[in-house]
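Report on the structure given below.
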Amino acid sequence: MQDTQLSIWTRAGGDAVKMGALYVTDIDARFSYTSEYPDYALPGLSLVYAPDLFRDSTIVHHLSGSLHPRFRALIPPADEQNFQRKLMLAFLREKGIEPASPFDADLALLAHTGHGGIGHVDVFADDASAEAWYANTDSGPLVPIGEQFGFSLKDMISWLDADARFILESLGPTPSVGGAIPKLLVAIPEDGWDGRISLPNKTRSTRIDVVLKIERTQAYPGLAALEAMALDLHQEAGFSVPRYWHAEVGGLPALAVERFDRDPRCVPVPLESLYAILAAGAKDIVRHTDGTLDRIAKVIDLAEPLLVNDRKAARVHLYKRVLLALLTGNGDLHLENLSLIGVAGEAQFSPVYDPTPMRAYSMHNMLCAVPFGGYGEDAGEGDALLHACANFAASLSLAKSDVEDIVSELLALTKNYPERVDAIDSLPGENKARLIEIHRDIHQRLTALI
Ligand SMILES: Nc1ncnc2c1ncn2[C@@H]1O[C@H](COP(=O)(O)OP(=O)(O)OP(=O)(O)O)[C@@H](O)[C@H]1O
Ligand SMILES: [Mg+2]
């Protein structure tokens, strides 16, 4: 392959400024801050790449055909079934760009669609493209999504093989987020979902930026309603949870979730997954299901650079999220479903996203996507889950009384979980029964912790 250079910018300080350059060769990927960037005191590429610490050096990712985890987060994964990736590659084909390999496709996607996505890092082919993109702040009119997309989108999502041109003609290239579920970053009217969408905001606007998650009804019937119920439950548990609206796209149920990675002036707020943070420093973390949740404690406790200020709050947050994930049958709390928001030194866990009880679906029915507390490692006496919960509390330096408080609160909160699941009309009976059984089992076992 030929070496590729990409230009990295950010609007995190309000105005668009160049942050640095990414240089990709056939043996590594190299990121350097511009000589001025550390003086701006703006957030760096990653929480662990403080601009001041890398003033005179280059951050090298020593793996051929791969990029720093932070950049990978901006590219839809190379999976044949990935809706966003297919959409963006169709967009590139329209522009006459036909990448020769999956990695070339990654680079082309990063250059052409790696900006305006989640968080504060924007990638462009060159500085002129960046300047042109920031200069155009028009998000276009609000368009009724149903009429424009109609049956073609429904077809595309159900079978994932339709031509993406329909969506491109109506929307233009929308920035993308990672993940398996079809989703679009769009803006909706200030009063909430009414069936109309526009491109995301680039400046302060009355429109609300949302992640629009569309249900693949064939594979996951009832998913949107389940996610909504789980968001409500997390709010009741005291977590910060974004506003959301039930929506419908081309006859498919959808959820429009307000984005929390923009402040009220529409300035991007840094948001970084624990996957990106851990993978930046650990060679054994390659996928978002690698490692253990216990290793997040090391991120919370990191002193140089200091990331999280309120460590106790972060430890309690994580423990509570994991226990609520167990009790609700989430099963999908992997390192990309947990993120820190804010700048180094003041970062904290982000509001909750993606808490959907995926164990309702047989192909996702596992206790937890990432192990914790040495679960299943030693076949000692008693319930392995209880041992894991106790070990995990120890990893997070939580006292027995902290654990008892959290467990009591969550057991009480989820007492009526079976009724809540049962009330979801769009969820088939067998999925309800599976989820309720899983919940009852965990609920009963966790009572031993108090
Ligand atoms: N409300 C939000 N505000 C800002 N960013 C968000 C929001 N919701 C999701 N994200 C970002 O978008 C990414 C994908 O969203 P989400 O996890 O909800 O989708 P998903 O398709 O279910 O992902 P997966 O199936 O891979 O877990 C998240 O990892 C997060 O970085
Ligand atoms: Mg997710």
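What you see is a predicted model; the values in this text were computed from it and never measured. First listed ligand is number 1; within each ligand, the first listed atom is number 1.
Side-chain contact, His439 with Thr414: no donor N or O sits under 3.5 Å from an acceptor N or O.
Residue contacts with ligand 1, taken as heavy atom pairs separated by less than 4.0 Å, involve Leu271 solely via side-chain atoms from C-beta onward. Contacts between Glu258 and ligand 1, counted as non-hydrogen atom pairs separated by less than 4.0 Å, involve the backbone only. Looking at Phe260 against ligand 1, both its backbone and its side chain come within 4.0 Å, counting heavy atoms.
If you number the atoms of ligand 1 from 1 as listed, the ones under 4.0 Å from a heavy atom of Asp261 come out as 4 (C). Atom numbering of ligand 1 starts at 1 in the shown order; those under 4.0 Å from a heavy atom of Lys213 are 16 (P), 18 (O), 19 (O), 20 (P), 22 (O). Listed by number with element, the atoms of ligand 1 under 4.0 angstrom from any heavy atom of Glu336 are 29 (O). Within ligand 1, counting atoms from 1 as listed, the ones closer than 4.0 Å to a heavy atom of Val257 are 1 (N). The Asp332 neighbourhood of ligand 1 comprises atoms 27 (O), with distances under 4.0 Å to a heavy atom of that residue. Which parts of ligand 1 touch His334 is read off a 4.0 Å heavy-atom cut-off, strictly below it: atoms 27 (O). Applying the 4.0 Å criterion to heavy atoms of Asn337 picks out, from ligand 1, the atoms 17 (O), 27 (O).
In this structure, His68 has its ring center closer than 6.0 angstrom to the ring center of Phe71.
Distances shorter than 4.0 angstrom do not occur between any heavy atom of His288 and any atom of ligand 1.
Residues satisfying the salt bridge (charged side-chain N to carboxylate O under 4.0 Å, His left out) test with Glu409, not counting sequence neighbours, are Lys320.
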Task: Full working for ring-ring contact (aromatic ring centres under 6.0 Å, His included) between Phe54 and Tyr33 - done: CA-CA 7 Å; Phe54 293 92; Tyr33 288 110; 7.0 Å; no
Task: Worked verdict on Tyr244 versus Asp232 for side chain to side chain donor-acceptor pair (under 3.5 Å) - done: CA-CA 10 Å; Tyr244 70 84; Asp232 292 346; 2.7 Å; yes
TODO: In sequence, state the C-alpha distance, the side-chain angles, and the governing distance for Tyr220 and His364, and then conclude on side chain to side chain donor-acceptor pair (under 3.5 Å).
DONE: CA-CA 10 Å; Tyr220 304 106; His364 291 280; 2.8 Å; yes
Task: Verdict with reasoning, Cys266 to Arg11, per side chain to side chain contact (heavy atoms under 4.5 Å, CB included) - done: CA-CA 10 Å; Cys266 192; Arg11 218 161 51 71; 4.0 Å; yes
Open item on the list: One pair to check against side chain to side chain donor-acceptor pair (under 3.5 Å): Ser339 and Tyr353. What are the steps and the verdict?
Closed with: CA-CA 9 Å; Ser339 289; Tyr353 58 88; 2.7 Å; yes
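The distance from the Mg ion (ligand 2) to the nearest N/O/S atom of Asp354 is under 2.8 Å. At a cut-off of 2.8 Å, Tyr353 is not counted among the residues with an N, O or S atom near the Mg ion (ligand 2).
Ligand 1 has no nitrogen or oxygen under 3.5 angstrom from a nitrogen or oxygen of Ile118. Between Ser339 and ligand 1, not a single N/O pair is under 3.5 Å apart.
Comparing Thr356, Val211, Asp354 by heavy-atom distance to atom 27 (O) of ligand 1, the nearest is Asp354.
Residue pairs meeting the salt bridge (charged side-chain N to carboxylate O under 4.0 Å, His left out) criterion with at least one partner in residues 102-122, sequence neighbours excluded, are Arg85-Asp106.
Formation of a donor-acceptor pair under 3.5 Å by the Asp290 side chain with backbone atoms of Arg287 is found in this model.
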